[in-house]
Amino acid sequence: MSIARWSETLISTLRDDPQDAEIPSHKLMVRAGLIRKLSGGLYTFMPLGCKALRRVEAIVRQEMDRAGALEILMPALQPREIWEQSGRYDIMGDVMFKLQDRQKRELALGPTHEEVVTLLAAAELKSYRQLPRTLYQIQTKFRDEIRPRFGLMRAKEFIMKDAYSFDRSWDAADESYRKMYEAYLRAFARCGLRVKVVEADTGAMGGQWSHEFMVLADSGEDGIVECDACAYAANLERAERAFPELEPYPDSDKAPEQVSTPNAKTIGQVAAFLKCPPERLIKTLIYNVDGRTVAILAPGDRDVNEHKLARALEARDLALADDETIAAATGGPVGFSGPIGLTIPVYADTALKGLRGAVTGANRVDTHVLNVDLDRDAAIEAWHDICFAENDDRCPRCAAGKLREKRGIEVGHVFKLGTKYTEAFSARFLDEDGQSEAMIMGCYGIGVTRTLQSVIEQSHDEKGIVWPMSIAPYPVAILNLTPGKPDCVEATQTLARELDEAGLDVLIDDRDERPGVKFADADLLGFPIRVVVSERSLAGGNVEIKLRTEKATPVIEKDNAALKIRQIYQDSIKALIL
RNA sequence: CGGGGCGUAGCGCAGCCUGGCAGCGCGUCAGCUUUGGGAGCUGAAAGUCGUGGGUUCGAAUCCCACCGCCCCGACCA
């Protein structure tokens with residue numbers, strides 16, 4: 001492939017952690033000289049970082065091609081109108097970078113490409129004979145993130161592989177989805193990443209269902225739960241839970257009774273004042289949902305999950321009501337709301353079904369109600385699972401399991417979109433009977449730059465990066481410890497040439513530096529195979545081959561080194577293929 | 001947008017409280033010595049102390065405003 005000399009490239013390593021980095025992968029990417037910050041959420045890829053990035057892209061591209069997807073490249077600049085046409089201009093409005101051209105035409109830098117690709121499909125795919133088709137691109141996306149952070153993890157500008165499938169039927173769409181899902185598993189495995197697939201919320205993308213590919217990491221921005229007994233796993237935004245039978249409280253048949261609870265507004269204060277456990281309290285939250293006011297009931301010890309709530313109520317817009325709205329809707333001040341006697345619709349979390357002897361607000365200042373039986377005392381419009389799942393909750397899919405909470409980095413997301421966009425853009429085809437039908441669509445994203453950083457987050461030690469063989473900027477680094485000695489130079493060159501001819505990228509550390517510096521840099525940069533050429537080993541006709549993942553430093557006859565290294569390389573690459 | 005922290009040489013930091021010559025370590029450059037896990041000595045280059053205003057004989061230091069970066073939250077494919 002190619003031979004690079006340290007003295008001729010641009011590799012600047014830092015001894016100290018950068019002041020503005022928090023998580024290991026971000027610190028290491030900067031220390032190893034892979035990236036440099038231009039401004040918040042904007043980074044330059046340095047030569048080594050660029051090489052690693054291209055390797056991730058190459059793997060993703062190969063797996064897309066293998067799955068039959070077709071590469072295209074769409075514009076990053078998009079006219080405003082297409083976002084209005086899909087109805088997402090308002091939803092995505094704040095995350096889009098907007099600008100005008102000199103004709104005052106309004107444009108946006110694409111945060112994603114459903115609109116553009118669906119327009120394309122509408123124009124080009126006209127017959128069932130042309131289906132199915134999956135189109136993809138690897139391109140820079142722009143999002144005005146509220147808070148960019150962790151280096152490439154959440155940046156304003158990042159590289160994404162996005163694919164879009166178009167099918168003639170729902171069954172065929174499921175098949176396209178399955179192909180992408182499997183391509184994703186292969187791609188991440190080849191990158192040396194261990195991923196967990198979870199059921200996910202579709203959010204602003206819409207559609208029927210979706211799966212996220214998560215890299216488990218403490219620094220992950222997403223909460224997920226997984227069952228300790230079965231395969232169930234889900235993003236917390238979506239995660240369900242099972243509802244065990246409730247133990248009745250003593251005297252739970254008593255009639256409701258108002259009690260004075262001066263200044264006790266929060267669950268904690270009321271529970272302490274009445275000396276009862278928080279789970280016996282019912283939280284009553286007043287929400288504005290698409291312009292109407294509703295009451296939401298949740299167990300006192302649980303938080304309402306607005307993603308699940310929005311889905312349950314099929315709501316577009318949802319927010320906690322302000323104090324005036326609460327007073328008008330309940331007749332009482334904030335902190336003392338309860339379901340009894342309300343005229344607005346009341347929705348309750350399923351966990352409350354059958355609860356008797358509960359405590360609620362009385363819709364009156366400093367007053368709560370004891371002995372509440374929701375079925376008897378309140379008018380519940382509907383019961384839904386609308387609270388966050390928590391650690392130790394019972395699994396919703398199997399009888400035996402409990403849910404465990406983890407943190408994850410979302411590196412991929414696949415959506416079954418259905419006809420949301422194809423209807424909006426009239427992306428229709430003629431079937432065998434000459435009938436016009438909307439295409440069924442799916443979309444599939446991989447955060448390429450985020451994937452790269454995730455690899456480091458998942459694979460490093462106290463000395464530096466530990467690259468998987470497949471995406472290391474250079475799989476092999478040859479450290480020439482005495483670049484002044486002709487025989488060391490000669491042996492280094494020969495080995496490098498042999499490896500180059502065998503198809504490996506090689507970096508020669510030819511700097512006039514002390515050995516310790518070279519070792520430390522090689523560890524920091526994480527080359528999977530480190531070869532040392534020195535007078536000492538050369539005296540016996542040998543070189544040293546050390547793997548970044550191993551402690552030992554075996555020597556090998558220098559004439560056999562290239563073959564051995566090639567073998568290690570190939571075995572290692574093979575081990576990453578599913 | 002709310003809360004907190006930071007901004008001084010390429011990088012990491014001290015100095016600020018209590019105003020008085022702009023400092024340290026690493027890196028960079030030159031020379032000598034050294035050479036298997038971030039070497040030693042000597043010398044050198046390099047700073048609008050984030051920006052603007054104010055107080056003062058005098059401001060990195062005190063006051064006001066703004067900007068940038070980081071963290072927590074809200075928010076978010």
Side-chain angles (χ1 to χ4, degrees), chain A residues 12-23 26-27 30-31 33 36-42 88 91-96 110-114 141-151 153-156 158 160-162 164 200-207 209-214 219 221-222 235 237-238 306-307 310 318-320 409-417 420 442-447 450 463-464 479-485 488 509 511-525 530 532-539 543-544 546 551 553 555:
Chain A
S12 19
T13 59
L14 303 173
R15 290 198 189 197
D16 300 309
D17 283 336
Q19 180 262 149
D20 58 5
E22 196 72 14
I23 63 174
H26 184 195
K27 290 177 181 172
V30 176
R31 279 192 58 204
R36 287 291 181 258
K37 181 165 74 180
L38 172 64
S39 158
L42 300 173
R88 286 209 294 180
I91 299 172
M92 296 290 266
D94 288 340
V95 297
M96 279 199 282
T112 176
H113 280 74
E114 281 73 24
K141 300 277 196 267
F142 301 86
R143 291 187 192 173
D144 190 358
E145 293 287 350
I146 293 172
R147 181 144 89 93
R149 50 173 161 179
F150 300 152
M153 286 300 189
R154 182 168 294 274
K156 287 181 178 162
F158 58 100
M160 176 181 269
K161 185 288 303 173
D162 46 323
Y164 307 88
D201 191 63
T202 52
M205 197 61 66
W209 71 70
S210 76
H211 289 93
E212 286 171 331
F213 294 72
M214 291 286 190
S219 60
E221 294 187 86
D222 289 283
N235 192 307
E237 291 175 354
R238 183 189 181 92
E306 293 187 357
H307 299 274
L318 179 151
L320 276 171
I409 301 162
E410 177 192 356
V411 289
H413 201 158
V414 293
F415 297 83
K416 181 164 182 188
L417 288 178
K420 172 174 170 167
C443 79
Y444 318 90
I446 289 179
R450 182 184 283 183
K463 289 180 173 171
L479 316 193
N480 180 356
L481 292 194
T482 41
K485 294 282 183 201
C488 288
D509 187 349
R511 292 175 299 169
D512 184 18
E513 285 287 355
R514 297 169 63 85
V517 173
K518 296 192 177 197
F519 291 142
D521 274 342
D523 288 339
L524 175 61
L525 293 172
R530 185 191 82 188
V532 169
V533 175
S534 69
E535 286 187 284
R536 183 200 283 180
S537 54
L538 227 44
V543 299
E544 296 162 18
K546 182 184 175 301
K551 253 200 127 58
T553 308
V555 297

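In what follows, chains carry the letters A, B, and so on, assigned in the order in which the sequence lines appear, proteins first and then strands, with residues in each chain numbered from 1.
Taking atom CG on Leu42(A) and atom C1' on C69(B), their separation rounds to 13 Å, with Å as the unit. Rounded to whole Å, the distance from CG on Asn480(A) to P on U35(B) is 17 Å. The CD atom of Glu212(A) sits 15 Å away from the P atom of C76(B) (whole-angstrom rounding). Here A74(B) presents its C1' atom at 13 Å from CG of Asp94(A), a figure rounded to the nearest Å. Rounded to whole angstrom, the span from the CZ atom of Arg143(A) across to the C1' atom of C75(B) amounts to 14 Å. In this structure, CD of Glu145(A) is placed 16 Å from C1' of C70(B), rounded to the nearest angstrom. Between Asp222(A) atom CG and C75(B) atom P the separation is 14 Å, expressed in whole Å. One atom, CZ of Arg15(A), and another, P of G10(B), lie 18 Å apart when rounded to the nearest Å.
Here the side chain of Glu22(A) is nearest to one of C70(B), G37(B), A77(B), namely C70(B). Relative to the side chain of Leu14(A), the nucleotides C70(B), C11(B), A77(B) differ in distance, and C11(B) lies closest. Out of C11(B), G38(B), G37(B), the shortest distance to the side chain of Asp16(A) is found at C11(B).
Using a cut-off of 4.0 Å between Lys/Arg side-chain N and Asp/Glu carboxylate O, Arg149(A) and Glu221(A) are scored as salt-bridged.
Interface remark: the Arg530(A) side chain does form a donor-acceptor pair with the G37(B) base, using a distance-only criterion of under 3.5 Å. Judged by distance alone, with hydrogens and angles left aside, Arg31(A) brings a side-chain donor or acceptor within reach of the base of G38(B), the pair sitting under 3.5 Å. No N or O donor and acceptor, one from the side chain of Asp17(A) and one from the base of G12(B), sit under 3.5 Å apart.
Contacts of Lys518(A) with the nucleic acid, taken as non-hydrogen atoms under 4.0 Å apart, are absent. Using a 4.0 Å heavy-atom criterion, one finds that Thr553(A) contacts no nucleic acid atom at all. Heavy atoms of Glu544(A) sit under 4.0 angstrom from at least one base atom. Contact annotation for Phe150(A): backbone-only contact, meaning every heavy-atom pair under 4.0 Å involves sugar-phosphate atoms and none involves a base. Arg147(A) comes within 4.0 angstrom of a base, heavy atoms only. As judged by a 4.0 angstrom heavy-atom cut-off over every strand, Ser39(A) is placed among residues touching the sugar-phosphate backbone only. Using a 4.0 Å heavy-atom distance criterion, Arg36(A) is classed as making no nucleic acid contact.
Crowding of Asp94(A) atom CG: a count of heavy atoms from other residues, nucleotides or ligands under 6.0 Å not exceeding 12. Dense packing is recorded around NZ of Lys156(A), with more than 12 heavy atoms of other residues, nucleotides or ligands lying under 6.0 Å away.
Side chains of Thr112(A) and Glu114(A): a donor-acceptor N/O pair is present below 3.5 angstrom, by distance only.
In this structure, His413(A) has its ring center closer than 6.0 angstrom to the ring center of Phe415(A).
Proximity of Arg514(A) to the phosphate of G40(B): no side-chain N or O atom is located under 4.0 Å from OP1 or OP2.
With both pairing distances under 3.5 Å, C41(B) is matched to G31(B) as a Watson-Crick or G-U wobble pair.
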